[in-house]
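Note on naming: letters A, B, ... go to the chains in the order of the sequence lines (proteins, then strands), and numbering restarts at 1 for each one. Just so it is clear, the structure is predicted and the values come from calculations on it, not from any experiment.
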Number of protein chains: 2
Amino acid sequence: MLKLSKKVEYGLIAIRHIASLGNQISTVKEIAERYNIPNELLAKVMQKLAKGKVIYSYQGSLGGYTLARAADQISIMDVIHVIEGTQPAIAECLGKIEHTCSVYDNCTIKNPLEKIQYNLEQVFSSMKVSEIV
Amino acid sequence: MLKLSKKVEYGLIAIRHIASLGNQISTVKEIAERYNIPNELLAKVMQKLAKGKVIYSYQGSLGGYTLARAADQISIMDVIHVIEGTQPAIAECLGKIEHTCSVYDNCTIKNPLEKIQYNLEQVFSSMKVSEIV
DNA sequence: AACATATCCGACTGGAAAAGTCCTATTTAT
DNA sequence: ATAAATAGGACTTTTCCAGTCGGATATGTT
C-alpha cells in the first residue's frame with residue numbers, strides 16, 4: 001500500500017547514477033551490475049524514461065543514455081509519470097474519465113481523496129531527483 | 001502504485017457515515033448496503049478500527065459502532081495505521097529493521113526516499129477525516 | 001561485410017498481495 | 001428461545017507487479 005514500484009525506484013537510481021558521473025553516457029549493463037538490478041527490467045525502465053524525454057538514448061555499440069536535463073530539473077513526479085504512464089492516483093476513481101468504481105455514486109470520500117491526492121502531487125512535484133537529505 | 005487499499009477507503013467512508021449521523025450507532029449491514037460495499041469485508045475493517053480504538057463497538061442485537069472521538073480528531077494516518085497494522089512505507093527498505101532489499105547496500109536513493117516518506121506522513125497525519133474540500 | 005554491443009519492444013510467466021467469501025462462535029435485547 | 005448484531009479464523013479468487021524471454025534494429029569496430 002502506497003508503495004513506489006520497483007520500476008520507479010530503479011529509474012531514480014539510474015538517473016542519480018548518470019548524474020553522479022557528470023552526465024557521461026551510461027549503459028544499462030553498467031548500471032544494472034553496479035546496483036544489482038535485473039538487466040532486462042532496468043532496460044525497459046530506461047526505454048520509458050527515454051520515450052518520456054527525461055533521458056536521451058544513443059543506439060548501437062558505444063550507445064547508452066544521458067540525462068535530457070540536469071537532475072535538479074527532474075522531479076520525482078516526472079519519473080513516476082513517465083514510467084507508470086499515468087499520474088499516481090491513490091484511488092481508481094481519481095484522474096479517470098470512466099468511473100468504474102462500484103461505490104462511486106454513493107461515495108462520500110471522493111472530495112477528501114482529491115485533497116489528499118493534491119497534497120501528494122505537491123510533494124512529488126516539488127522534490128527533484130538531485131535532492132539529498 | 002501509491003494507491004490506498006480498499007480497506008482504508010471503506011474505513012474512511014464508514015467513519016464519515018457515522019459522523020454524518022451525529023455519531024448515532026450504525027451497523028455494518030446498514031453501511032454496506034448504503035454504499036454498496038461487501039458486507040464481510042467492511043465487517044473486518046470495522047473490527048480493526050474498533051480494536052484500534054478509533055471507533056467503539058457494541059455487541060449483540062441493537063449493536064453496532066460509534067466513533068471513539070470526533071471526526072476532526074481522526075487523521076487519515078490513524079485510519080491507515082490501524083487498518084494496515086503498519087505505517088505506510090513507500091519502499092520496503094524504510095521502517096524495517098531487516099533489510100531484505102537486494103539493492104540496499106548500493107542504494108543511492110535511500111535518503112531521498114526517506115524524505116519523501118516523511119512528507120507523505122505529514123500529509124496523512126495533518127488531514128482529518130472530517131475535512132471536506 | 002561481418003561482428004559485437006548497444007537500445008527497442010512486445011509477449012509471457014510466476015508469485016505475492018489485495019479483495020472478497022465462507023463458516024462458526026459469541027454477545028445481547030426482546 | 002430467538003433474532004440480530006459483532007468477532008474472527010480460514011479459505012479462495014483476482015489482480016497486479018517483478019522478472020524473463022525472444023527477436024528486431026541501430027551503430028561503431030575490424
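- When distances run from any side-chain atom of B/Lys44 to the nucleotides D/dT6, C/dC9, D/dG9, the shortest one goes to D/dG9.
- The two atoms that bring B/Ile18 and B/Gln24 nearest to each other are CG2-O, 3.7 Å, heavy atoms only.
- Judged as a salt bridge (charged side-chain N to carboxylate O under 4.0 Å, His left out), and not counting sequence neighbours, B/Lys7 has no contacts.
- Every residue two or more places apart in sequence or in another chain that forms a side chain to side chain contact (heavy atoms under 4.5 Å, CB included) with A/Lys3 is listed here: B/Glu92.
- Under the salt bridge (charged side-chain N to carboxylate O under 4.0 Å, His left out) criterion, no residue pair touches residues 44-68 of chain B, with sequence neighbours excluded.
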Result block: side-chain N/O donor-acceptor pairs under 3.5 angstrom for residues 60-84 of chain A, not counting sequence neighbours:
unit_1  : atom_1 : unit_2  : atom_2 : d
A/Thr66 : OG1    : A/Tyr58 : OH     : 3.3
A/Arg69 : NE     : A/Gln73 : O      : 2.9
A/Arg69 : NH2    : A/Asp78 : OD2    : 2.9
A/Ser75 : OG     : A/Met77 : N      : 3.4
A/Ser75 : OG     : A/Asp78 : N      : 3.0
A/Ser75 : OG     : A/Asp78 : OD1    : 3.4
A/Ser75 : OG     : A/Asp78 : OD2    : 3.2
A/Asp78 : OD2    : A/Ser75 : N      : 3.0
A/Glu84 : OE2    : A/Ser5  : OG     : 2.7

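- A straight line from CG of B/Leu42 to C1' of D/dA7 spans 14 Å, rounded to a whole angstrom.
- DNA chain D lies under 4.0 Å from at least one heavy atom of each of the following residues of residues 46-60 of chain A: A/Gln59, A/Gly60.
- One atom, OH of B/Tyr65, and another, P of D/dA4, lie 18 Å apart when rounded to the nearest Å.
- What separates CD of A/Gln24 from P of C/dA6 is a distance of 15 Å, to the nearest Å.
- With D/dA7, C/dA4, C/dT7 as the candidates, the nucleotide lying closest to the side chain of A/Thr27 is C/dT7.
- In terms of the ring-ring contact (aromatic ring centres under 6.0 Å, His included) criterion, B/Tyr56 has no residue partners (sequence neighbours excluded).
- Going from atom CG of B/Asn39 over to atom C1' of D/dG8 covers 15 Å, rounded to whole Å.
- Across the interface with DNA chain C, nearest-nucleotide mapping of A/Glu40 and A/Leu62 shows A/Leu62 to be the residue nearer the 5′ end.
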Pairs: protein N or O with nucleotides 14-18 of chain D N or O, under 3.5 Å:
unit_1 : atom_1 : unit_2 : atom_2 : d
D/dC17 : OP1    : B/Met1 : N      : 3.4
D/dA18 : OP1    : A/Lys6 : N      : 2.6

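- B/Gln117 is linked by a side-chain hydrogen bond (donor to acceptor under 3.5 Å, both in side chains) to B/Glu121, counting only residues two or more places apart in sequence or in another chain.
- Looking at residues two or more places apart in sequence or on another chain, you find a ring-ring contact (aromatic ring centres under 6.0 Å, His included) between A/Tyr35 and A/His17.
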